[in-house]
Structure formats: C-alpha cells, structure tokens
**Student:** 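This is the structure, below, for whatever I ask next.
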There are 2 protein chains.
Amino acid sequence: MTPPPEGTPGRRPGGRSARVRAQVLEAVRAELGEHGYEGLTMEAVAARAGVHRATVYRRWQDVGGLLADVLDAAGEDDWGPPDTGSLLGDLTALNEEIQESLVVQPSVPQALMAAAFRSARAAEAQQRLWEDRYARCEAVVERAVARGELPPDTDARELLIAATAPLYHQLVLLRTPVAPRAAVRAATAAALAAGAGAFGRSERGPAGRPPAGGRSVPG
Amino acid sequence: MTPPPEGTPGRRPGGRSARVRAQVLEAVRAELGEHGYEGLTMEAVAARAGVHRATVYRRWQDVGGLLADVLDAAGEDDWGPPDTGSLLGDLTALNEEIQESLVVQPSVPQALMAAAFRSARAAEAQQRLWEDRYARCEAVVERAVARGELPPDTDARELLIAATAPLYHQLVLLRTPVAPRAAVRAATAAALAAGAGAFGRSERGPAGRPPAGGRSVPG
DNA sequence: ATCTTAAAGCAACAGTTGTCGCATTAGTGG
DNA sequence: CCACTAATGCGACAACTGTTGCTTTAAGAT
C-alpha cells in the first residue's frame, strides 16, 4: 500500500520516494526469505534497506503494512494458470506449483499467510491476492467446459477450491509432509466430483447425466 | 505444556501450582474469547489470572507456550465424530461442526491456528491436536467401508482431508463468507470421489468401473 | 539557477517487554 | 508441629519498540 495516493498533486512519486519504497520492499522480501515471518522486524528491514527506522514507521506503520504492500505488489505480475490441454492436467500442474511454493523453507507465501493473522491490513491485501489468483484460474474451468469435460453450470470457484484446498490444508495448517502424488490425488478427486456434477450451480446435487468425456485418471 | 513433568520426585503438582495453572489457562481462554489472538499479551493474562507476570514468564516462557498448553488441554476431551448412519451424513455433520467453530467471532480455533505460525511450541501442540482429531474421525470412514459405501482400500485420512479442507481453506485462509450449503457441498464432492475409488491406497487412480464415456482428452 | 516543500534523516523520549536476584509463601515429608 | 525447599511474589533493570519535533535533503516547478 502506498500511503500517499500516487496521483495526488503535490506528491512526489518520482526519484527518492520510489527508490526508498523499492529498497524497503526488496528488504522485506529478503528478510522473509532469510528469517521467515517471525524474524521480520521493522528495525532489520530499515537497516537492510539503508533507510532510517522512522521513515519505515511513517510510511508503513507496522509489519502488517509492509507485508500488505508486498502482497499488493505480488498481485501486479502476469501470472496465469497452466494450460496442459486437459482439466486434470491443469489442476495437477496448478497443485504442483502450489506445493512447490509452500515447501521451500522458509516459504514467502507461508509468511504472508501468517501475517494475515496478525494484521488487518495484511489480511485485506491477502484477500485481494487470493481473489485475483482464483479469478485467473477460472480460465481452467472455462476451457474444460468448452472441451465438454465438465457440465456447463459448474461452479468454477468451488471446483478450484476443492482441488487446491487439500494441499494448503496439509502444508499450511496441518504442517504435515505430503505424499509426492498428493497434487495428482487432490486434482483427480476434484475433477472426478466435478465431472459428476458435484459443483453444479443448481441446488440439486450430482446431476443425473453421465460424467462427460475425458479420462478420469492418467495411466 | 506443564514444564515440570508431573511424575518427577521433588515436584509439587498439588495445591498452588495446579491452581495457578488452572487460573492462567482459564485467563488465556477468556482473553482469547474477548480480544482474539492479537489481544493476547502475557501482561493481560497474568493480571486476569491474579498472578505475577514473572510467574507466567517462568512457567510458559511466551504466548506460544501458553497456547500450547491450552491446545494440549483441548486434546484431553472425549469428542467423537458424528454418527448419522451414512457417510454423506457424517461428513456433512462434521463439516457443520467445523464451520460453526470457525465462524463465531472471535474464534478460539482460529486464534490457535494463528498462534501456530508464531511459536514452534504452539505449532507442535497444534499438530498433535490435528493428528488426534483426524485419527478419531477415521471411524467415520471405517463405518462407511463396513456398510459397503466405500471400497475397502480407501485411504481414510485423504478422504477426510478432502472433505474438510475446503471449509478451512475458505474460512481460515481465504476469509471468505461461505454459502450455507458449503458443508454439504464439500462433503458430497469428497464422498462422490471416494465412492469412485479416488482415495484408494493402490497407486492407480479410481478403480472399479471403467472411465465413463471413454473419450480421450484432446491435447 | 532558485524557490518551495514533500519526504527522509536524526536524536531524544516514553512505553512496553522480558529477565534477574532476592524475599516470601505454602506444599511436602518427617 | 517443624524443617525443607519448590514455586510464587516483588521490584529493579536492560533491551526493544514505536513516537515526536526538528533539521536536512532533494524532487519538481518557475
């Protein structure tokens, strides 16, 4: 979050302010990568950024503010979901990406989730990021529907959550090591349920129609 | 966690120590209920328990230690999963319990999960609690298998995680309001996938019936 | 170039947090 | 009832955290 709204007249988005912001955000990421969330202090960030403590406090208030800014910056990339040609392939690849980002130690995403518990501002930023990511992933479902792999009234969000939630649950909440094939397993289960109409938008459960096309599982 | 192992000779588990512990743990729960996790300070807990600050620091070290003790105490109850007579009913009822405990504000379970991010000791205690709860829930799957609702080689833990993860994901991580029928939806999807053999312990995916339609995925 | 003024630097300060040595209390065993 | 000592109470203290007023720097405009 850039405290001074960038467009306001009288502001100075150029030169130093921008430089300081970049230095500080970079320092935050570096500290997160080295010491994780617990090790993240305003003091260390300021020192690493080569900036005075008071400056960091004034612009970002607290650790939550710093992370909120990092989160917002993270949402500005051009990430898109994998496109492998099949629903199961897409979901599996997506899960593998998720798994990879969560198992590295220390994991920046993990740290950001932790931060969301401590700071309301970080929580809001985190929510925006989730929303953005899941929205982009809806393309996966739309393609599957277009291919005839899924019923047209499939609730994309619900399917995506069902597919990805187990990995987050185990790696973030349960903190359990996951089996190597966990990504495929979760993707398979979700795809299977979706094919059977479990995520139809109509209030009725699994539709009466037979699961359309698509092999349900790889070899 | 009770720092002095209860059985050690020379210790004094009776009278005052036990009383102080009870007062402090009760104070922690009360503070959690009133101010949530962020509002939980050693100072406030000590004051509420009518105990000196130094005592709390000495016995529990930090906030994480306090919550670890609360978590361990929580695992000593006689909770068991619902038994409704069907797999879908059990999973749905379970999800509704979960949902209920997570939506009340402030939610003690949420606070405990938040704590697990901050303190290694709390994280370990949390892990023990999860393990205990999921282990107890395996009864649900065993009953379903006995009824013939599920293939005998169903991996109970995987099924349970698939069924419950979406709710945790939305309520804890995404912090999104969930549809009233979310509990049933997630339970249905998991039960459906499980019935099709998606959680079989053999390495092959869904077993039993051939993939419906048999059409190959374009790609 | 020069002026104006956001924004950063600086240092002193108050509030909070965690630690420590010592005095006091109260279980426990004789 | 008494002696022993683990555990708590107490208060002083250092370290850390965040705030504030003032000074200095440098971006942007004339």
Side-chain angles (χ1 to χ4, degrees), chain A residues 1-28 31 35-69 115 118-122, chain B residues 1-28 31 35-69 115 118-122:
Chain A
M1 190 175 301
T2 315
E6 223 70 356
T8 313
R11 300 287 127 173
R12 299 181 177 184
R16 192 159 64 159
S17 289
R19 196 160 55 244
V20 166
R21 178 175 183 234
Q23 286 167 3
V24 169
L25 291 194
E26 184 48 40
V28 172
E31 286 289 314
H35 313 295
Y37 173 65
E38 359 271 294
L40 190 71
T41 72
M42 298 293 271
E43 182 76 42
V45 168
R48 181 166 213 141
V51 157
H52 199 271
R53 230 159 28 102
T55 298
V56 182
Y57 278 112
R58 270 194 279 253
R59 284 187 61 173
W60 289 275
Q61 284 77 56
D62 54 18
V63 178
L66 281 174
L67 290 166
D69 205 358
R118 292 263 315 188
S119 150
R121 290 172 61 199
Chain B
M1 195 172 296
T2 316
E6 224 71 357
T8 313
R11 302 284 125 173
R12 300 181 178 186
R16 192 160 63 162
S17 288
R19 197 161 53 246
V20 166
R21 178 176 182 234
Q23 286 167 4
V24 169
L25 292 193
E26 183 48 41
V28 171
E31 286 289 314
H35 313 295
Y37 173 65
E38 19 269 279
L40 190 72
T41 73
M42 299 292 270
E43 181 78 42
V45 169
R48 180 166 213 141
V51 158
H52 197 270
R53 229 158 30 101
T55 299
V56 183
Y57 278 112
R58 270 192 281 250
R59 286 188 59 175
W60 289 274
Q61 285 76 56
D62 55 16
V63 179
L66 282 174
L67 290 166
D69 205 357
R118 292 261 317 196
S119 151
R121 292 173 60 200

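Bear in mind the structure is a predicted one, so any value in this text is a computation, not a measurement. Below, read A as the first sequence line, B as the second, and so on, with proteins coming before strands; counting in each chain starts at 1.
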**Student:** Which nucleotide in the list dT8(D), dA27(D), dA8(C) gets nearest to the side chain of R19(A)?
**Tutor:**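 Of dT8(D), dA27(D), dA8(C), dA27(D) is nearest to the side chain of R19(A).
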
**Student:** Measure CZ/R59(B) against P/dT19(C) and give the value in whole Å, please.
**Tutor:**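 Rounded to the whole Å, the gap is 17 Å.
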
**Student:** Between V24(B) and T55(B), is there a side-chain heavy-atom distance shorter than 4.5 Å?
**Tutor:**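 The answer is no; the side chains never approach within 4.5 Å.
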
**Student:** To the side chain of R53(A), which of dA7(C), dA27(D), dT19(D) is closest?
**Tutor:**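 So the side chain of R53(A) is nearest to dT19(D).
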
**Student:** Under 4.0 Å between a side-chain nitrogen and a carboxylate oxygen: does that hold for R21(B) and D69(B)?
**Tutor:**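 Result for this pair is yes, salt bridge flagged.
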
**Student:** Looking only at the side chain of R58(A) (C-beta and beyond, no hydrogens), which of the listed nucleotides dG9(D), dT20(D), dT17(C) gets closest?
**Tutor:**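 Minimum distance to the R58(A) side chain belongs to dT20(D).
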
**Student:** Going by heavy atoms in the side chains, are L40(A) and H35(A) under 4.5 Å from each other?
**Tutor:**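 No; the side chains remain at least 4.5 Å from each other.
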
**Student:** May I have the distance from W60(A) (atom CH2) to dA7(C) (atom P), rounded to whole angstrom?
**Tutor:**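 Roughly 12 Å, once rounded to whole Å.
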
**Student:** Between P on dG18(C) and CG on L66(B), what's the gap in Å once rounded to a whole number?
**Tutor:**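 Rounding to the nearest Å, CG of L66(B) and P of dG18(C) are 11 Å apart.
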
**Student:** M42(A) has a side chain; which of dC22(D), dG18(D), dA7(D) sits nearest to it?
**Tutor:**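 My answer, after comparing the listed nucleotides, is dG18(D).
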
**Student:** Could you tell me the separation between the CZ atom of R21(B) and the C1' atom of dA6(D), rounded to a whole number of Å?
**Tutor:**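 Those two atoms, CZ and C1', are 17 Å apart.
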
**Student:** So which heavy atom on G64(A) is nearest to which on A122(A), and how close?
**Tutor:**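 Here G64(A) and A122(A) meet closest at O-CB, 3.8 Å.
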
**Student:** Any idea which of dC10(D), dG27(C), dG9(C) is nearest the V51(A) side chain?
**Tutor:**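 When the side chain of V51(A) is considered, dG9(C) is the closest of dC10(D), dG27(C), dG9(C).
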
**Student:** Choose from dA7(D), dG11(D), dT20(D) the nucleotide whose nearest atom is closest to any side-chain atom of H52(B).
**Tutor:**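 Of all the options, the side chain of H52(B) is nearest to dG11(D).
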
**Student:** Nearest whole Å is fine: how far is dC10(D) P from E43(B) CD?
**Tutor:**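 Going from CD in E43(B) over to P in dC10(D) covers 13 Å.
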
**Student:** Expressed in angstrom and rounded to an integer, what is the separation of Q61(A) atom CD from dT20(D) atom C1'?
**Tutor:**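 For the pair Q61(A) CD and dT20(D) C1', the rounded distance is 15 Å.
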
**Student:** Looking only at side-chain N and O atoms, does Y57(B) come under 4.0 Å of OP1 or OP2 in dG18(C)?
**Tutor:**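 Result: yes.
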
**Student:** Quick check for you: among dC10(D), dC10(C), dG9(C), whose closest atom lies nearest to any side-chain atom of A54(A)?
**Tutor:**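 The listed nucleotide nearest to A54(A)'s side chain is dC10(C).
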
**Student:** Between D62(B) and R118(B) (salt bridge meaning N to carboxylate O under 4.0 Å), is one present in this structure?
**Tutor:**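 Salt bridge: no.
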
**Student:** Tell me the interatomic distance from D62(A), atom CG, to dT16(C), atom C1', rounded to whole angstroms.
**Tutor:**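 In whole Å, dT16(C) C1' lies 16 Å from D62(A) CG.
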
